[in-house]
Amino acid sequence: MVDPAKFHPTRLHFLVSSARHLAEELRAEGFTVDYAKAATTLDGIAAAKKRHGIQTVVAAHQSSFRLQAALESIGVQCVENNFFLTPRPLFNSWAESQKSHLMENFYRKQRVRLGILMVGSEPVGGQWNFDAENRDPLPKDHAPAKYLEHSTDAIDAEVAAELGIEPPTEWATDRAGALKVLKHFLANHFETFGRFEDAMNSTDWAVHHSLLSPYLNNGLLHASEVITAALKKFDTGAIPIASCEAFIRQIIGWREYINGMYWYLGESYKEENQLQATRPLLPLFSDSSKTEMNCVRSIVSDVEKRSWVHHIPRLMVLSNLALISSVNPQAYLEWMRNQFIDASDWVMVPNVIGMGVHADGGRMMTKPYAAGGAYISRMSDYCKGCAFDPKKRTGDNACPFTTLYWDFLAEHHEEFAGNHRMAQQLAGLKRLTDLPQTRERAKEVLDGLSAGTI
Ligand SMILES: Cc1cc2nc3c(=O)[nH]c(=O)nc-3n(C[C@H](O)[C@H](O)[C@H](O)COP(=O)(O)OP(=O)(O)OC[C@H]3O[C@@H](n4cnc5c(N)ncnc54)[C@H](O)[C@@H]3O)c2cc1C
Ligand code: SF4
């Protein structure tokens, strides 16, 4: 059961204030709106039915199995949710026809079906994928770009007062503000989005990411208008194909694939724990001061401040740490879902269970996203200010990521032995001459992480 009391206040503020703004906008357009507060959605619907003497309630398909079942249990009629570009039956027929559900295969079909970045039957630029050009770290002299600060109004202030916080200014809470974010991204960050999409930085909280997920997920923006605006900008010739393709892939590929897979994989998928990870949630996730690891402290502190970090900190730092320290996937999922401004079951469950911590035994991703400190060192500036050394796996100043990465491979080498995509990593494991010492150090690291002292 989701407990809103545990939600990040910025997330709650965004959701509630956006809803109240929408109610006002609809009233201004002449609609009759009954905005009601209730303890639960079901209580709210029951009270509204009574108030208005309504028999039939119609709603869009919900964002989780739980809510969907709850609404159906009281006879609410659900119609297809138009927040997405791919009808569920179409996705299911694709999924049923596949042996392994590679996002890349789905994405190519989407490009053809939707006629996006295509010349006849060929992809624009002659390639489907420009990932190889899109893995640069930021240059040493990178100067963070200015991000939009949103002005707040009486509704924002009212919601903030109810939550006992100052109104956040990083996130828009109405359609006009969401459109400003889209415009700002296209003008200032789209060109470099692709090249630096994997880069992380301690002084630049969003790098060149779009910051659009909250608005796409709560309906303030629609995926099709974002794509249309992006393609229009690309047609001016100002945007390299590698950036445009990378951004389009996120929206028509990843976003649609994740939603399709959530419903395709079924409700029990969320409970998967194939690596049998049982460690309780590490204290550092709930309190950034509970770790000496510079990367984790900085990223968790960004989550504390804004309820958001971009894809690579989510995947390669937070989830990677949960994976290689065997944190229970459901405990980690609950933390992520409560903390992130753009969270919903349809998007959190596959991203965490499948992509983040490989708890599904590889039903979504062909291999786990496990990495040592070398990856974080290459893609960020975190290691410079850290008490640990990303190159070391033993000793007091060994990087916990590096130590735990090898320990994780050693622990699970039998499960991964049949996976050809893990062959290189397992061959590396075989060559380690200090594996016993590394595994000894891993025990100390795990104890320290559980105690909140590393
Ligand atoms: C462990 C984990 C948890 C995640 N949880 C969420 C979540 O709760 N909500 C959420 O919207 N995204 C989630 N993502 C996906 C992705 O990290 C965010 O969509 C992205 O960071 C949002 O920032 P942005 O809008 O600047 O995205 P950009 O990098 O600018 O990408 C543009 C858009 O593409 C879409 N997108 C890209 N990747 C994904 C993806 N894997 N799944 C779904 N949509 C995607 C988003 O709508 C995003 O706004 C998660 C990823 C991981 C690894
Ligand atoms: S040395 Fe390890 S813990 Fe420290 S910032 Fe680098 S990757 Fe993170």
Side-chain angles (χ1 to χ4, degrees), residues 11 63 83-84 103 181-182 185 189-190 193-194 197-198 200 202 205-218 221 223 226-227 230 246-259 261-262 291-299 307-323 329 332-333 335-357 364-365 369 371-393 397-405 445 454:
R11 166 163 157 72
S63 57
F83 284 8
F84 298 93
M103 198 295 288
V181 179
L182 172 59
F185 167 70
H189 297 286
F190 189 21
F193 171 83
E197 69 180 324
D198 286 1
M200 298 177 278
S202 58
W205 63 279
V207 190
H208 294 292
H209 288 265
S210 69
L211 298 174
L212 292 175
S213 55
Y215 317 113
L216 284 165
N217 293 357
N218 83 344
L221 291 178
V226 171
I227 291 163
F247 184 67
I248 293 292
R249 162 189 302 264
Q250 308 306 315
I251 312 272
I252 69 167
W254 278 110
R255 185 168 189 273
E256 297 290 314
Y257 168 82
I258 289 288
N259 181 54
M261 288 302 278
Y262 174 74
T291 181
E292 298 295 313
M293 299 159 80
N294 200 33
C295 53
V296 180
R297 193 176 44 217
S298 176
I299 288 165
S307 188
W308 182 95
V309 289
H310 78 69
H311 189 68
I312 299 302
R314 291 186 205 202
L315 183 63
M316 299 308 294
V317 178
L318 300 175
S319 302
N320 181 20
L321 181 63
L323 170 72
Y332 176 63
L333 172 66
W335 175 77
M336 290 285 288
R337 196 182 44 203
N338 291 342
Q339 293 309 311
F340 280 81
I341 191 163
D342 51 15
S344 269
D345 260 25
W346 72 264
V347 61
M348 241 341 150
V349 170
N351 271 309
V352 170
I353 298 293
M355 196 186 312
V357 296
M364 254 181 60
M365 299 295 137
Y369 282 98
Y375 176 86
I376 298 170
S377 173
R378 188 166 66 251
M379 295 312 298
S380 77
D381 62 346
Y382 293 125
C383 299
K384 271 191 294 179
C386 187
F388 302 107
D389 180 343
K391 292 196 198 73
K392 287 185 136 183
R393 54 183 172 263
N397 68 341
C399 166
F401 278 96
T402 308
T403 308
L404 293 179
Y405 167 72
V445 170
I454 274 200

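For clarity, every value in this text was computed on a predicted model and none was experimentally measured. Just follow the structure's listing: the first ligand is 1, and inside any ligand the first atom is 1.
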Near atom 4 (Fe) of ligand 2, is there an N/O/S atom from Cys399 that is less than 2.8 Å away?
no

May I ask you to decide if the ring planes of Phe84 and Trp346 are parallel, tilted or perpendicular, using 30° and 60° as cut-offs?
perpendicular

Do me a favour and list the nearest non-hydrogen protein atom to atom 6 (Fe) of ligand 2 with residue, atom name and distance?
Cys383 SG, 2.3 Å

Which word best sums up how the rings of Trp308 and Trp205 line up, parallel for under 30°, tilted for 30 to 60°, or perpendicular for over 60°?
perpendicular

Donor-acceptor contact below 3.5 Å, side chain Arg337 vs main chain Val349:
no

What orientation do Tyr257 and Trp254 show, parallel under 30°, tilted 30 to 60°, or perpendicular over 60°?
perpendicular

Would the distance check show the side chain of Asn397 and the main-chain N or O of Asp389 forming a donor-acceptor pair, the cut-off being under 3.5 Å?
no

Would you mind running through ligand 2 and noting each atom that sits below 4.0 Å from a heavy atom of Tyr382?
5 (S)

With a 3.5 Å distance limit and no angle check, can you tell me whether Arg314 reaches the backbone of Val309 through a side-chain donor-acceptor pair?
yes

Per-atom contacts of ligand 2 with Ile376, taking only distances under 4.0 Å to non-hydrogen atoms:
7 (S)

Any side-chain to backbone donor/acceptor pair from Ser380 onto Ile376? Under 3.5 Å, distance only.
yes

Which parts of the protein, at residue level, reach under 4.0 Å of ligand 1 through a heavy atom?
Phe193, His209, Ser210, Leu211, Leu212, Ser213, Leu216, Asn217, Phe247, Gln250, Ile251, Trp254, Arg255, Ile258, Trp308, His310, His311, Arg314, Leu315, Ser319, Met336, Asp342, Ala343, Val347, Met348, Asn351, Val352, Met355

The option among Lys391, Met293, Arg378, Glu292 carrying the non-hydrogen atom nearest to atom 3 (S) of ligand 2 is Met293

Residue and atom name of the nearest protein heavy atom (relative to atom 1 (S) of ligand 2), distance in Å to one decimal
Phe388 O, 3.4 Å

Take the angle between the ring planes of Phe193 and His209 and call it parallel below 30°, perpendicular above 60°, tilted in between.
perpendicular

Examine distances only and state if a side-chain atom of Arg255 and a backbone atom of Leu216 form a donor-acceptor pair shorter than 3.5 Å.
yes

Is a side-chain donor or acceptor of Thr402 paired with a backbone partner of Gly373 at a separation under 3.5 angstrom?
yes

Check each atom of ligand 2 against the heavy atoms of Pro390 and keep those under 4.0 Å away; list them by number with element.
1 (S)

Measuring to atom 8 (Fe) of ligand 2, does Cys295 have an N/O/S atom at a distance below 2.8 Å?
yes

Any heavy atom of Ser377 closer to ligand 2 than 4.0 angstrom?
no

Can you find a pair of side-chain heavy atoms, one from Leu323 and one from Tyr332, that are under 4.5 Å apart?
no

Ligand 2-proximal atoms of Cys386, by part, heavy-atom distance under 4.0 Å:
side chain

